[in-house]
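A quick write-up on the structure given underneath.
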Amino acid sequence: RHRSPLFFMTQDIQQACQILHSGGVIAYATEAVFGLGCDPDNEAAVHKLLQIKLRPIEKGLILIAAEWQQLIPYLDVSSLSHEQLQRALNSWPGPYTWVFPAKMTTPKWLTGEFSSLAVRVSAHPQVRALCHSYGKPLVSTSANLTTYPACRTEHEVRLQLGERIDYILPGNVGANSNPSEIRDVITNQLFRAG
């Protein structure tokens, strides 16, 4: 019996969610490149992801979500003006990452040496489906070893990271050629051009 691609996508996402629940690290397609993700609240999973990528914990990480509501528990928006908050909200969903003040309760393994956290509401349909199914944001860092080029296909992920990660969610990256633009939500300062 022929199964629709949507069925496979749902099945793949369910499998990815099971792996995330068990503390695994997955690779998944985003707007521009494949990302590495894990449960942001699972310290062991985040350390595993950093180890795979050879990324120092001090640098901090990005959280990616299906909607703004998923990010609120991690962020302190009390010091933001209405305009500052709207600037970020109006850019989403899309390939824009904003650095927000983090709540005191946000784990240091996410913020690194900073008191802020970089977050994004993705426009990528598969990322949105994944975060919706999982019910929370995911850590999102480009799927590559530090100093290596970011992977844009499942095949490249397999070649670079193959045995190190627990699951590659089948999917295609979006049309963007560069990783997301990163700006400070308060000052609008550009940290990384998109």
Side-chain angles (χ1 to χ4, degrees), residues 1-55 61-74 92-97 109-110 118-146 148-180 194:
R1 194 169 120 253
H2 179 69
R3 289 187 169 152
S4 75
L6 194 67
F7 172 83
F8 283 114
M9 190 173 133
T10 312
Q11 221 181 15
D12 293 335
I13 283 176
Q14 281 170 345
Q15 194 175 345
C17 287
Q18 284 169 345
I19 288 160
L20 291 166
H21 277 296
S22 66
V25 173
I26 66 165
Y28 56 93
T30 72
E31 287 92 334
V33 296
F34 264 78
L36 284 185
C38 67
D39 186 320
D41 301 304
N42 182 329
E43 185 175 6
V46 174
H47 281 294
K48 183 174 168 181
L49 178 146
L50 290 169
Q51 223 170 355
I52 290 167
K53 199 174 149 83
L54 309 173
R55 181 182 173 88
L61 289 161
I62 295 177
L63 293 192
I64 195 169
E67 58 207 356
W68 164 239
Q69 281 68 23
Q70 292 189 326
L71 296 168
I72 294 172
Y74 302 90
W92 288 335
Y96 301 96
T97 297
W109 61 79
L110 296 178
V119 295
R120 177 162 99 248
V121 177
S122 180
H124 192 287
Q126 197 178 28
V127 172
R128 294 174 69 91
L130 180 60
C131 291
H132 270 302
S133 297
Y134 197 55
K136 67 199 290 191
L138 295 178
V139 166
S140 185
T141 181
S142 57
N144 59 296
L145 303 170
T146 302
Y148 280 71
C151 301
R152 291 180 63 91
T153 64
E154 289 172 52
H155 179 65
E156 289 174 9
V157 176
R158 233 171 244 115
L159 288 177
Q160 241 190 80
L161 299 163
E163 299 306 301
R164 297 165 179 247
I165 55 179
D166 301 301
Y167 183 63
I168 301 172
L169 182 61
N172 297 307
V173 298
N176 297 26
S177 50
N178 294 321
S180 65

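This structure is a prediction, so every number in the text was calculated from the model and none was measured. Counting begins at 1 with the first residue of the sequence. Computed from heavy atoms alone, side chains included, the values below leave out hydrogens, waters and symmetry copies.
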### Within-4.5 Å side-chain heavy-atom neighbours: His47 and Glu43
yes
### Query
Does any non-hydrogen side-chain atom of Leu145 lie less than 4.5 Å from one of Leu161?
yes
### Task
Would you please say whether a donor-acceptor pair under 3.5 Å links the side chains of Gln14 and Ser133?
no
#### Entry: Arg164 and Gln51, any side-chain heavy atoms less than 4.5 Å apart
no
### Query
Do Leu130 and Cys17 come close enough that some side-chain heavy atom pair is under 4.5 Å?
yes
### Message
With a 4.5 Å cut-off on side-chain heavy atoms, are Glu156 and Phe34 touching?
### Response
no
#### Entry: Test log, rule side chain to side chain contact (heavy atoms under 4.5 Å, CB included), inputs Val139 and Leu63
CA-CA 5 Å; Val139 166; Leu63 293 192; 4.0 Å; yes
### Query
Are any side-chain N or O atoms of Asn42 and backbone N or O atoms of Ala44, one a donor and one an acceptor, separated by less than 3.5 Å?
yes
### Query
Distance from Asp39 atom CG to Lys136 atom NZ, nearest 0.5 Å?
3.5 Å
#### Entry: Side-chain heavy-atom pair Arg55, Leu61 within 4.5 angstrom cut-off
yes
### salt bridge (Lys or Arg N to Asp or Glu O under 4.0 Å) against Arg158, all qualifying residues, sequence neighbours excluded
Glu154
### Message
Whether the side chain of Asp166 engages the backbone of Val25 through a donor-acceptor N/O pair (distance < 3.5 Å, no angle test) should be reported.
### Response
yes
#### Entry: Shortest non-hydrogen separation from Leu169 to Ala16 and the atoms involved
CD1-CB, 4.2 Å
### Query
What residues form a side chain to side chain contact (heavy atoms under 4.5 Å, CB included) with Pro93, not counting sequence neighbours?
Val121, Ala123, Arg128
### Task
Please name the pair of heavy atoms, one in Gln126 and one in Ala29, separated by the smallest distance, quoted to 0.1 Å.
OE1-CB, 4.3 Å
### Task
Please name the pair of heavy atoms, one in Pro137 and one in Pro40, separated by the smallest distance, quoted to 0.1 Å.
O-CD, 3.2 Å
### Message
Could you tell me if the side chain of Asn144 sits less than 4.5 Å from the side chain of Lys53, heavy atoms only?
### Response
yes
#### Entry: Side chain Thr146, main chain Leu54, donor-acceptor under 3.5 Å
yes
### Query
Which pair of non-hydrogen atoms, one from Gly37 and one from Leu20, has the smallest distance, and what is that distance?
O-CD2, 4.1 Å
### Message
I'd like to know whether OH of Tyr74 has more than 12 heavy-atom contacts from other residues, nucleotides or ligands below 6.0 angstrom.
### Response
yes
### Non-neighbouring partners of His21 that pass ring pair (Phe, Tyr, Trp, His ring centres under 6.0 Å), sequence neighbours left out
Tyr134
### Query
Taking Gln70 for the side chain and Cys131 for the main chain, is one N or O donor matched with an acceptor at less than 3.5 Å?
yes
### Summary
Between Val33 and Ala150 the two heavy atoms that sit nearest each other are CG1-CB, 3.7 Å
#### Entry: Point-to-point distance, once rounded to the nearest 0.5 Å, from CD1 of Ile26 to CD1 of Ile168
10.5 Å
### Task
Could you grab the distance from atom OG1 of Thr30 to atom CZ of Arg152, nearest 0.5 Å is fine?
9.0 Å
### Query
If we only count heavy atoms from C-beta on, is the Ile64 to His124 side-chain gap below 4.5 Å?
no
### Task
Taking Gln160 for its side chain and Pro149 for its backbone only, find out whether a donor-acceptor pair lies under 3.5 Å.
yes
## Note on the structure
In terms of heavy-atom contacts, Gly24 and Cys38 come closest through O-CB, 3.7 Å
### Query
Atom CG of Leu71 and atom CH2 of Trp92: how far apart are they, to the nearest 0.5 Å?
6.0 Å
